[in-house]
Amino acid sequence: MPGLRRDRLLTLLLLGALLSADLYFHLWPQVRRQLRPRQRPRGCPCAGRASSPAPAPAPAPAPAAASSAPGTVAHNFSEAGPPAEPATGGRSASGSKLQALFAHPLYNVLEEPPLLGPEDLLLASQEALRYYRRKVARWNRRQKMYKEQMNLTSPDAPLQLRLEASWVQFHLEINRHGLYSRSSPVVSKLLHDMKHFPTISADYSQDEKALLGACDCTQIVKPSGVHLKLVLRFSDFGKAMFKPMRQQRDEETPEDFFYFIDFQRHNAEIAAFHLDRILDFRRVPPTVGRLVNVTKEILEVTKNEILQSVFFVSPASNVCFFAKCPYMCKTEYAVCGNPHLLEGSLSAFLPSLNLAPRLSVPNPWIRSYSPAGKEEWEVNPLYCDTVRQIYPYNSSNRLLNVIDMAIFDFLIGNMDRHHYEMFTKFGDDGFLIHLDNARGFGRHSHDEISILSPLSQCCMIKRKTLLHLQLLAQADYKLSDVMRESLLDDQLTPVLTEPHLLALDRRLQIILRTVERCIEVHGEQSVIASSPGEQSAPYYGQADWTS
């Protein structure tokens, strides 16, 4: 009997110790976080980072009064929205360079060729809506089956497809000119919804699923965990690609890193979308930053057992997860919340391939993905002459679009453009979709001139592209200034450090000098293409757009 009493006493003491440890290490830190003042002191450089919920962003300058004159277009490229009246002196009345830029005549010209009807839209609206209704119905059936299998009860009503949902409207408005129109208000609403709507599911992307358990890690150069992304679905049934924070903003890619082992940076995805919009390309899907609660918004809503298995609590009591292969399975490469919140980028999904088939085309200027190899374009300065003779680069607008893509990649410092995608519906002259920009903005101190090889070897550029670049070189529309202002709208501001912003101005000047050298050698008529398929246009030199 004394032995039994002693065992009971030891059991009670052990349970008491475990309860005390749980209270001290888990419950008490959460109580302290709730009691801690949420407002940061003024001037704190860490505002908006993952250590605490981001404060509401400062309101953007109010838009100028819309013009009642016919033919003016009110743009919605930021939540504040630029003024509708064209700026006459460069700066708008509010002093916003971004608003003045989007009000400039270059951003108000009619698209060429003009949209003539439904054939110029990517999707047939009725077919798309029927498809999405079937998807929602299938989702509801699977949810019901899952709850029955798990003996779960939930008061949540089945999901309904809302035609006014921002992701639906985004898909329906994609046309042959770009992923969205200049004057469309849908982008601002979509960014807002991706930032605020709760998640209802999380899963691996399709390419990672295809590799899970089927990869020979010894054949892959990349270290494990570099390629880590998830698909999040929101309460409005929209989807976004989530890329978590892997690197601090002030960290540069080491000089000895090859481009194919570089980190994927969430802030690069965000900044690439803003730059693409400022350049008036509109080829990067809308992307926004968000603080994600990895426990509530990923772990608790995923039904993927493999994804559930890679979550753990670190010694610092932070919730972490890692890539379960396709490369290797190591917790050293995990990403961690603080303790639950984690920065990441959310890129809107494009329409399903069942609705809008896409081509995936190798980039003619693809790099060698081995440490010692070199491609022909890297050793042959006349390589473009060969490309010009190959279909479809010999007869369509495709080569000019590739040069646009190279200019964009040079500005962000992205060397990892091994292929590009485009919608099959729009044919050979369709625009290129600038996907996967997470390896941009890695080194602000280095300008990788080889990225500009399509421009320097072919000596061709669209007149529209050149005019936009010249405009962004002017003081009143300075590229670094409008990028800085545009990125202020994001929850994770500052998205880029100041050296990265200033590097944009430096690289812009390199592009313009490259064009000038081409004109000196080949003449304006050969270098500047005025419209799709044409190789001649009047050239205005370094136009003074402020006058």
Side-chain angles (χ1 to χ4, degrees), residues 50 135 139 142-143 146 167 190-191 193-215 222-247 263-270 272-273 284-314 318-331 333-350 352-353 435-439 491-492:
K135 294 276 287 186
W139 165 270
R142 289 181 173 177
Q143 290 294 103
Y146 177 79
W167 68 271
L190 180 59
L191 296 176
D193 292 347
M194 289 194 296
K195 190 190 313 181
H196 295 290
F197 277 9
T199 62
I200 59 173
S201 76
D203 204 348
Y204 288 116
S205 61
Q206 288 300 321
D207 55 348
E208 288 181 304
K209 285 182 178 180
L211 289 171
L212 279 175
C215 69
K222 300 177 184 179
S224 63
V226 169
H227 190 67
L228 179 55
K229 58 186 178 182
L230 298 174
V231 178
L232 303 186
R233 189 180 290 278
F234 305 112
S235 57
D236 67 345
F237 206 67
K239 289 196 303 184
M241 185 69 72
F242 173 72
K243 293 188 178 180
M245 178 178 179
R246 303 305 307 269
Q247 192 173 10
F263 281 118
Q264 294 199 4
R265 286 168 285 275
H266 71 304
N267 60 318
E269 290 281 13
I270 302 167
F273 162 67
V284 174
T287 305
V288 69
R290 175 166 168 169
L291 282 169
V292 173
N293 186 312
V294 295
T295 302
K296 293 185 178 297
E297 298 182 273
I298 297 179
L299 177 59
E300 293 181 3
V301 298
T302 185
K303 297 177 180 60
N304 188 313
E305 295 181 355
I306 297 178
L307 179 56
Q308 292 172 351
S309 70
V310 297
F311 275 79
F312 64 96
V313 178
S314 73
N318 294 323
V319 179
C320 310
F321 64 98
F322 59 95
K324 177 70 174 180
C325 234
Y327 309 125
M328 294 181 219
C329 310
K330 289 188 177 181
T331 57
Y333 298 105
V335 292
C336 298
N338 189 13
H340 300 276
L341 294 179
L342 175 64
E343 282 191 19
S345 64
L346 290 169
S347 300
F349 258 62
L350 297 176
S352 166
L353 295 176
L435 296 173
D436 294 332
N437 304 295
R439 287 201 168 109
Q491 184 185 36
L492 302 185

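When reading the values below, keep in mind they use all heavy atoms of this one structure, side chains included, and skip hydrogens, waters and symmetry mates.
Residues Val231 and Phe349 are in side-chain contact: their nearest non-hydrogen atoms beyond the backbone lie under 4.5 Å apart. Considering only heavy atoms from C-beta on, Arg246 comes within 4.5 Å of Val335 through its side chain. Side-chain contact check for His266 versus Leu492: some heavy-atom pair is nearer than 4.5 Å. Between Phe242 and Leu342, some side-chain heavy-atom pair lies under the 4.5 Å cut-off. Within the 4.5 Å cutoff, the side chain of Pro285 has no heavy atoms near those of the Phe273 side chain.
Ser201 contributes atom OG, which lies 9.5 Å from atom CZ of Phe234 (distance to the nearest 0.5 angstrom). Note that SG of Cys320 and CZ of Phe311 are 9.5 Å apart. Values are rounded to the nearest 0.5 Å. Distance check, rounded to the nearest 0.5 Å: CD1 of Ile298 to CD of Gln308 gives 12.5 Å. Here the CG-CG distance, from Asn304 to Leu299, works out to 11.5 Å after rounding to the nearest 0.5 Å. The NZ atom of Lys195 lies 11.0 Å from the CG atom of Leu346; values are rounded to the nearest 0.5 Å. Going from atom CG of Leu350 over to atom NZ of Lys239 covers 10.5 Å, rounded to the nearest 0.5 Å.
Formation of a donor-acceptor pair under 3.5 Å by the Thr302 side chain with backbone atoms of Ala202 is found in this model.
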* **side chain to side chain contact (heavy atoms under 4.5 Å, CB included) between Leu232 and Phe197, worked out** => CA-CA 11 Å; Leu232 303 186; Phe197 277 9; over 6 Å; no
* Just do the side chain to side chain contact (heavy atoms under 4.5 Å, CB included) check on Ile200 and Val301 with the steps written out, would you? => CA-CA 6 Å; Ile200 59 173; Val301 298; 5.8 Å; no
* To do: Determine, step by step, whether Phe322 and Leu228 satisfy the side chain to side chain contact (heavy atoms under 4.5 Å, CB included) criterion, reporting the C-alpha distance in whole Å, the side-chain angles of both residues, the deciding distance to 0.1 Å, and the verdict.
  => CA-CA 7 Å; Phe322 59 95; Leu228 179 55; 5.6 Å; no
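What you find for Val284 and Ala272 is that their closest heavy atoms are CG2-O, 4.2 Å. The heavy-atom pair separating Asp236 from Gly238 by the smallest distance is OD1-N, 3.0 Å. Considering every non-hydrogen atom in both Lys229 and Tyr204, the closest pair reads O-CD2, 4.4 Å. The heavy-atom pair separating Ser345 from Glu269 by the smallest distance is OG-CB, 3.7 Å. Here the shortest heavy-atom pairing between Met194 and Ala240 reads SD-CB, 3.9 Å.
Across Asp203, Thr199, Leu307, a single residue satisfies side chain to side chain contact (heavy atoms under 4.5 Å, CB included) together with Leu230, and that is Leu307.
Between Glu297 and Arg290, at least one side-chain N (NZ, or NE/NH1/NH2) sits under 4.0 Å from a carboxylate O, which counts as a salt bridge.
Applying the salt bridge (Lys or Arg N to Asp or Glu O under 4.0 Å) rule to Asp193 yields the partners Lys189; only residues at least two apart in sequence or on another chain are considered.
Shown here is Lys296, whose NZ atom has no more than 12 heavy atoms of other residues, nucleotides or ligands within 6.0 Å.
Both the sub-6.0 Å distance and the 45° axial angle are not jointly satisfied by Lys135 relative to the ring of Phe237.
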